[in-house]
Amino acid sequence: MTTVLHISASPKGAQSSSGQIAEAFLTEYAAAHPDDEIVSLPLFAADLPEFGVVETEAKFAPIYGEALTSAQAAAWNRVEAEIERLKRADKVLLSSPMWNLGIPYKLKQYIDIIVQPRLSFTYDVQRMEHVGVLENRPLQLILTRSSVLPGDFSDFQLPYLKYIFEFIGIRDVRALIAWQTTQPTADDRLAYLTSFFEPARAAARIF
Ligand SMILES: Cc1cc2nc3c(=O)[nH]c(=O)nc-3n(C[C@H](O)[C@H](O)[C@H](O)COP(=O)(O)O)c2cc1C
C-alpha cells in the first residue's frame, strides 16, 4: 500500500492557511488514490522527542567509539523511530508557514531529529561530499507567508527545506507557495487562499 506522510508545521489547526491548501491537495489526492494510506504528523501536536543533552551525546557516542548509556539508548530509539516513520512514507507532503524568514521552530526540531549521520546521510570521503541515505521520493511543499516573494534573498524557508531534504536523499522536491496570505479583509484573505486550491489539486494529480 502506498503511504503518504503529511507533515504540518503550523500550530493553527483548521485555521492554518498552509493547512487548508494542503487539505485541498489531500482531498484531490485521496479521491484519485482511495486505497493509499495518509498519515498525519502535526508537529505542534505531536509528541516529538526533544533534541537535548542526552540526544546530542547519543549522536556522537558511536563517532567517538563509546557505548550508549541506557538513557542515551532509550532517547536514540525515539530518534530512530521518527526516521523510520519518514522512510516508510512513499510520498511526503509538508505544509508550513514562514516564520521570521525561515521555518517554525517545531519543524526545525523535527529536522534536527531526522537528519542523522549513517541513518539519513553519509559522507563520501573520496568525493568530499555528503550523500543522502533515503530513497528518492516525491516531496510536495505547500508553503505560506505574508509578504516574502518566492526567490527573494530573504526567503530562508524554501531554499532551506529544498536543501535539507535533498541532503538526506529526497531530491524530487516540488513547491507551491502562497506569499501574500495577510490580506486587509477576511473576504480578501479567503479569496486569496482559495485561489491556491486549484493549483494544489493540480499538484495532487501529478503526485
Ligand atoms: C511567528 C510568526 C512569524 C512570521 N514571520 C513571517 C515572515 O518572516 N515573513 C512573512 O512573509 N510572513 C511571516 N509570518 C506570516 C505567516 O507566514 C503567514 O501568516 C502564514 O500564512 C501563516 O500560515 P499558517 O496559517 O499555515 O500558520 C509570520 C507569522 C508568525 C506567526
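Everything numeric here is computed off the predicted structure, so don't read it as measured data. Remember, it's 1-based here, ligands and their atoms both numbered in the order they're listed. The chain is numbered in sequence order, starting from 1.
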**Q.** Residue and atom name of the nearest protein heavy atom (relative to atom 22 (C) of ligand 1), distance in Å to one decimal
**A.** Pro97 CB, 3.5 Å
Q) How far is atom 27 (O) of ligand 1 from its nearest protein heavy atom, and which residue and atom name does that atom have? A) Ser10 OG, 2.7 Å
(Q) Counting only nitrogen or oxygen atoms and a 3.5 angstrom limit, does Ser16 reach ligand 1? (A) yes
Q: Look at atom 2 (C) of ligand 1 and say which protein heavy atom is nearest, naming residue and atom and giving the distance to 0.1 Å.
A: Trp99 CD1, 3.5 Å
Q. Does Arg145 approach ligand 1 within less than 4.0 angstrom via side chain, backbone, both or neither, non-hydrogen atoms only?
A. both
Q.
Taking the basic N atoms (NZ, or NE/NH1/NH2) and the acidic carboxylate oxygens, is any pair closer than 4.0 Å for Arg189 and Asp187?
A. no
Q: Would you indicate whether Glu129, at its atom CD, is surrounded by more than 12 heavy atoms from other residues, nucleotides or ligands within a distance under 6.0 Å?
A: yes
Q: May I ask you to identify the nearest protein heavy atom to atom 20 (C) of ligand 1, giving residue, atom name and distance to one decimal place in Å?
A: Thr144 OG1, 3.4 Å
Q: Could you walk me through whether Tyr105 and Phe44 pass ring-ring contact (aromatic ring centres under 6.0 Å, His included), step by step?
A: CA-CA 9 Å; Tyr105 62 93; Phe44 276 87; 5.5 Å; yes
Q: For Val148, counting its heavy atoms only, list the atoms of ligand 1 lying under 4.0 Å from any of them.
A: 9 (N), 11 (O)
Q: Using a 4.0 Å heavy-atom threshold (strictly under), name the region of Thr181 that reaches ligand 1: side chain, backbone, both or neither.
A: side chain
Q.
Quick test of your reading of the model: are Arg88 and Glu135 salt-bridged, counting only N-O distances below 4.0 Å?
A. no
Q: Could you tell me if the ring centre of Tyr160 sits under 6.0 Å from that of Trp99?
A: no
Q) Is Leu101 in polar range of ligand 1, meaning some N or O pair under 3.5 Å apart? A) yes
Q.
Met98 versus ligand 1: do any nitrogen or oxygen atoms come within less than 3.5 Å of each other?
A. yes
Q) Quick one: nearest non-hydrogen protein atom to atom 15 (C) of ligand 1, plus distance? A) Ser146 OG, 3.2 Å
Q.
Could you identify the single nearest non-hydrogen protein atom to atom 5 (N) of ligand 1 and state the distance to 0.1 Å?
A. Asn100 N, 2.8 Å
Q) Using the ring of each side chain (for Trp, its six-membered ring), is His130 parallel, tilted or perpendicular to Phe167, with breaks at 30° and 60°? A) tilted
Q) Mind checking whether Phe197 and Phe25 have ring centres under 6.0 Å apart? A) no
Q | Under 3.5 Å: donor-acceptor pair, side chain of Ser10, backbone of Lys12 | A | yes
